[in-house]
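Down below is the structure, laid out as structure tokens.
The structure presented is a predicted model; accordingly, all values stated were derived computationally and were not measured. Here, residue 1 is the first one in the sequence, and each next residue gets the next number.
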Amino acid sequence: MARIAGVNIPTNKRVVIALQYIHGIGPKFATDITTKVGIPVERRVNELTDAEVIQIREAIDRDYTVEGDLRRNVAMNIKRLMDLGNYRGLRHRKGLPVRGQRTHTNARTRKGPAKPIAGKKK
């Protein structure tokens, strides 16, 4: 089990797929990392040498913001919006959709389960 950026990546998957288990690395960054390090596309994690794992780890540390640092940056950006008190910050504070979605019928993921209105039943 290879440990990269504080995440145990699965051993039986291809390297491009396994790197996507790291928060902040998607399909494009995973392919970029493997081409920079020079690993073939069909190579699996359990076939990697220790030197290749170290090269991947160094490339991620050098070029990308991942895991804890990325989560901290996102949280700080949201906190900044909330402190400014602008529209997006207020939507975050109230737990409503931020990007203009309708809330009359949908948005159950952000608002939580529907609360029944008392006195409605006849």
Side-chain angles (χ1 to χ4, degrees):
M1 173 108 15
R3 189 165 177 84
I4 299 174
V7 177
N8 292 331
I9 59 174
T11 54
N12 57 345
K13 295 188 184 274
R14 291 187 300 125
V15 178
V16 177
I17 303 301
L19 285 177
Q20 294 178 37
Y21 279 70
I22 300 170
H23 181 73
I25 295 180
K28 182 186 182 311
F29 284 161
T31 52
D32 290 349
I33 291 167
T34 52
T35 53
K36 278 183 197 171
V37 176
I39 295 173
V41 179
E42 62 278 352
R43 181 80 66 84
R44 300 202 175 257
V45 175
N46 56 6
E47 299 169 356
L48 290 176
T49 63
D50 290 337
E52 289 172 333
V53 172
I54 291 170
Q55 282 182 318
I56 291 172
R57 201 175 288 141
E58 289 172 351
I60 290 173
D61 289 341
R62 183 179 59 244
D63 298 332
Y64 302 101
T65 306
V66 292
E67 282 298 325
D69 294 335
L70 180 62
R71 292 180 205 270
R72 197 173 308 110
N73 286 348
V74 171
M76 290 299 293
N77 289 339
I78 292 172
K79 186 178 182 317
R80 179 180 55 81
L81 289 172
M82 289 166 56
D83 291 342
L84 286 173
N86 60 7
Y87 183 75
R88 280 172 60 202
L90 293 176
R91 302 296 282 186
H92 273 292
R93 203 179 298 162
K94 291 178 182 177
L96 293 169
V98 179
R99 298 184 176 177
Q101 295 92 334
R102 66 180 288 136
T103 57
H104 178 68
T105 55
N106 292 335
R108 292 281 43 127
T109 302
R110 286 290 301 208
K111 291 166 71 174
K115 299 168 200 74
I117 300 169
K120 186 85 167 156
K121 194 169 69 171
K122 277 199 168 180

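Between Gln20 and Ala30, the shortest heavy-atom distance links the atoms CG-CB, 4.1 Å. For the pair Thr103 and Ala107, the tightest heavy-atom approach, listed with the atom from each and the gap, is CG2-CB, 4.1 Å. Smallest separation of non-hydrogen atoms from Ala5 and Ile22: CB-CG2, 4.1 Å. A pairwise comparison of heavy atoms in Thr11 and Ala2 identifies CG2-N, 4.3 Å as the closest pair. What you find for Val45 and Ala18 is that their closest heavy atoms are CG2-CB, 3.5 Å.
Within the model, atoms CD1 of Ile4 and CG of Leu48 stand 7.5 Å from one another, a figure rounded to the nearest 0.5 Å. Annotation: the span from Thr49 atom OG1 to Ile54 atom CD1 amounts to 8.5 Å, rounded to 0.5 Å. Remark: His92 NE2 to Arg80 CZ distance equals 10.0 Å, nearest 0.5 Å. Between Thr65 atom OG1 and Ile60 atom CD1 the span is 12.0 Å, to the nearest 0.5 Å. Going from atom CG of Asn46 over to atom NZ of Lys13 covers 12.5 Å, rounded to the nearest 0.5 Å.
A donor-acceptor contact shorter than 3.5 Å is absent between the side chain of Glu58 and the backbone of Gln55. Remark: the backbone N or O of Pro97 is paired with a side-chain donor or acceptor of Arg91 at under 3.5 angstrom. In terms of modelled atom types and a separation under 3.5 Å, the side chain of Glu42 and the main chain of Pro40 share no donor-acceptor contact. Here the side chain of Arg93 pairs no donor or acceptor atom with the backbone of Arg88 at under 3.5 angstrom. Formation of a donor-acceptor pair under 3.5 Å by the Glu67 side chain with backbone atoms of His23 is found in this model. No side-chain donor-acceptor contact under 3.5 Å links Arg14 to the backbone of Arg44.
With hydrophobic clusters built from ILVMFWY side chains whose heavy atoms lie under 4.5 angstrom apart, Val16 does not share a cluster with Ile25. Under a hydrophobic clustering in which Ile, Leu, Val, Met, Phe, Trp and Tyr are joined whenever their side-chain heavy atoms come within less than 4.5 Å, directly or via other members, Val7 and Val66 fall into the same cluster. In this structure, Ile9 is a member of the same hydrophobic cluster as Val15, with clusters built from ILVMFWY side-chain heavy atoms closer than 4.5 Å.
The environment of CG in Asn77 is crowded: more than 12 heavy-atom neighbours from other residues, nucleotides or ligands sit within 6.0 Å. Under a cut-off of 6.0 angstrom, the local environment of NZ in Lys111 is crowded, with over 12 non-hydrogen atoms contributed by other residues, nucleotides or ligands.
Listed by chain and number, the hydrophobic cluster partners of Ile17 come to none, as no ILVMFWY side chain reaches under 4.5 Å of it.
Here the side chains of Val41 and Thr34 are not in contact, with every heavy-atom distance at 4.5 Å or above. Under the 4.5 Å side-chain criterion, counting only non-hydrogen atoms from C-beta, Ile56 is in contact with Ile39.
The pair Asp32-Lys36 does not count as a salt bridge, with every side-chain nitrogen at least 4.0 angstrom from each carboxylate oxygen.
The list of ring pair (Phe, Tyr, Trp, His ring centres under 6.0 Å) pairs with a residue in residues 40-75, not counting sequence neighbours, reads Phe29-Tyr64.
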